[in-house]
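Everything below concerns the one structure shown next.
So you know, we letter chains A, B, ... as the sequences are listed, proteins then strands, and number each from 1. Treat the numbers as computed from the prediction; the structure is a model and nothing was measured.
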2 protein chains.
Amino acid sequence: MSLPTIRLAVDAVVFGYDPKEGISVLLIQRKYDPFKGGWALPGGLVNEDESLEHAVERELEEETGVKVDYLEQLYTFGNPGRDPRNRVVAVAYYGLVKKSDFILYAATDADDAKWFHWDELPELAFDHKDILETAIKRLRGKIRYEPIGFELLDDKFPFSDLHKLYENVLDKEVDRRNFKKKFLQLDILTELEEKVSEGPGRPGSLFKFNQEKYDKFKKEGFNFEI
Amino acid sequence: MSLPTIRLAVDAVVFGYDPKEGISVLLIQRKYDPFKGGWALPGGLVNEDESLEHAVERELEEETGVKVDYLEQLYTFGNPGRDPRNRVVAVAYYGLVKKSDFILYAATDADDAKWFHWDELPELAFDHKDILETAIKRLRGKIRYEPIGFELLDDKFPFSDLHKLYENVLDKEVDRRNFKKKFLQLDILTELEEKVSEGPGRPGSLFKFNQEKYDKFKKEGFNFEI
DNA sequence: GCAAAAGTGTTCCTTTTACACCCATGC
DNA sequence: GCATGGGTGTAAAAGGAACACTTTTGC
């Protein structure tokens with residue numbers, strides 16, 4: 001019996017955030033067939049001697065110039081037929097980045113790399129729509145028992161940015177006062193002296209995450225129902 | 001550049017339950033090298049034209065005779081070096097079964113197949129210890145936002161079996177009365193007329209799961225903090 | 001009649017929700 | 001001075017935790 005030839009790939013769902021625009025996803029435009037010219041998740045084949053994480057980070061940087069510092073395995077998609085030409089099993093990861101940290105460029109397999117608002121996505125190649133939906137569900141679930149935000153917001157941010165982030169991810173209104181009360185109770189934020197004023201209205205204090213507490217919650221989880 | 005040769009395998013962490021003995025894990029004794037004679041999770045290479053789920057179910061039945069009806073993808077383990085001979089990436093699944101439904105037998109790659117109490121596990125081959133620990137964590141997390149039990153208990157069971165199951169999985173005492181109150185509120189159980197007496201003490205009613213509600217919670221999740 | 005397990009209810013406390021008024025700024 | 005967003009507190013409601021007594025059986 002000969003060895004099955006199954007190719008192993010990784011794909012990355014990278015979320016970015018902007019308080020004004022909401023949540024975006026990083027996509028590339030494919031340079032080669034299949035789906036030439038179509039939009040897809042960044043990703044590619046795993047090399048024989050590299051770890052899966054390394055493969056995602058490498059492909060992501062090659063194709064888009066983005067380096068994520070937070071990356072987590074999402075799910076493995078392996079249905080025969082998901083790639084029209086060969087059997088390819090893809091281990092999908094998802095990551096969070098501060099959009100403003102990067103200038104996108106496209107290279108290797110990508111003709112273009114762009115952020116798309118997660119409500120206005122183009123048609124996607126392969127089963128990447130499924131992957132993306134799985135990632136969105138995961139992000140929505142995650143937010144309830146692990147902090148997100150540090151990876152998506154600037155180092156210093158007004159509280160309203162964090163509040164809007166949660167409203168965006170959960171896609172529902174969240175009472176401003178109760179949210180603040182609950183979040184501050186976690187004792188994960190440091191309030192700075194600085195204030196910032198964006199447009200009209202009273203300026204708000206800037207906050208930053210307490211890295212240590214943040215990592216602790218990330219590791220041990222918490223309960224954050226809202 | 002030649003195609004990397006990465007082999008793709010699946011491994012299964014199958015949990016079984018017995019109110020008297022607690023939670024067990026199904027392991028096989030390896031017939032061939034590497035780790036010949038050692039204990040390992042059931043599993044094996046994926047065929048070129050079968051889905052990952054199919055591969056797990058096939059390997060599991062071949063090696064142990066167990067057919068799971070509930071199986072969920074756990075995590076993909078892909079570190080180079082996890083298999084001493086080749087690069088093998090393993091997609092791990094975990095499943096829940098009623099132990100009493102099966103008579104184990106060992107075949108193909110397995111010399112023996114046995115249930116081990118999850119507190120008294122032998123040394124495991126490859127990185128299977130990591131896989132198992134990941135599965136245990138997942139099971140403990142799962143119990144809080146999805147029902148488990150239907151897959152682990154007999155069709156009809158006294159309430160105390162369910163209670164013990166939760167105590168076993170969570171590895172802590174849970175107040176009997178509060179647990180019952182909360183669980184019955186979910187309206188997921190049907191109380192039967194039948195009563196059963198196991199040893200001394202007042203006989204208890206038998207319950208069964210309301211399949212429809214169960215599937216709904218399984219799909220949509222709930223919040224069950226205890 | 002004693003030990004063992006099942007059935008049931010109440011109180012207290014914590015957490016969550018709903019909600020309103022004042023404050024600092026830009027224009 | 002008015003529109004806009006930021007900052008803060010309180011009361012009512014719901015949910016969770018703690019806890020004790022009665023009932024039915026086996027021996």
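In this entry the distance linking CG of B:Leu162 with C1' of C:dA6 reads 15 Å, nearest Å. We find that CD1 of B:Ile226 is positioned 21 Å from P of C:dT14, with the value rounded to whole Å. In this structure, A:Asp175 atom CG and C:dT17 atom P are separated by 9 Å, rounded to whole Å. Between A:Phe159 atom CZ and D:dG5 atom C1' there is a gap of 15 Å when expressed in whole angstrom units. Atom P of nucleotide C:dA4 and atom NZ of B:Lys195 are separated by 22 Å, given to the nearest angstrom. Straight-line distance from the CZ atom of A:Phe183 to the P atom of C:dT17: 16 Å, rounded to whole Å. One interatomic measurement links the two molecules: CZ of B:Arg177 to P of D:dA18, which rounds to 11 Å at whole-angstrom precision. In this structure, the NZ atom of B:Lys181 is 13 Å from the P atom of D:dG15, given to the nearest Å.
Comparing atom distances between the B:Lys180 side chain and each of C:dT8, C:dA18, D:dA18 picks out C:dT8 as nearest. Distances were taken from every side-chain heavy atom of A:Ser160 (C-beta onward) to each of C:dA18, C:dT8, D:dG6; the shortest belongs to D:dG6.
Between B:Tyr70 and B:Phe15, the distance separating the two ring centers is not shorter than 6.0 angstrom.
In this pair, B:Tyr145 and A:Tyr145 present their aromatic rings parallel. The plane angle is below 30°, not in the 30 to 60° band.
In this structure, B:Lys67 does not pair ionically with B:Glu57, as no charged nitrogen and carboxylate oxygen lie closer than 4.0 Å. Salt bridge status for B:Lys216 with B:Glu212: absent, with no side-chain N to carboxylate O gap under 4.0 Å.
For the OP1/OP2 pair of D:dT25 and a distance below 4.0 Å, the side-chain nitrogens and oxygens of B:Ser197 include no atom meeting the criterion. Residue B:Lys182 places at least one side-chain N or O under 4.0 Å from the OP1 or OP2 atom of D:dG16. Regarding contacts with the backbone of C:dG7, a side-chain N or O of B:Ser205 is found under 4.0 angstrom from either OP1 or OP2.
Residue A:Tyr214 is tested with A:Lys208, A:Glu151, A:Glu146 for a side-chain hydrogen bond (donor to acceptor under 3.5 Å, both in side chains); the sole match is A:Glu151.
Between the side chain of B:Arg202 and the base of C:dA3 there is no donor-acceptor pair of N/O atoms closer than 3.5 Å. Under 3.5 Å, the side chain of A:Arg176 and the base of D:dG7 form at least one donor-acceptor pair of N or O atoms.
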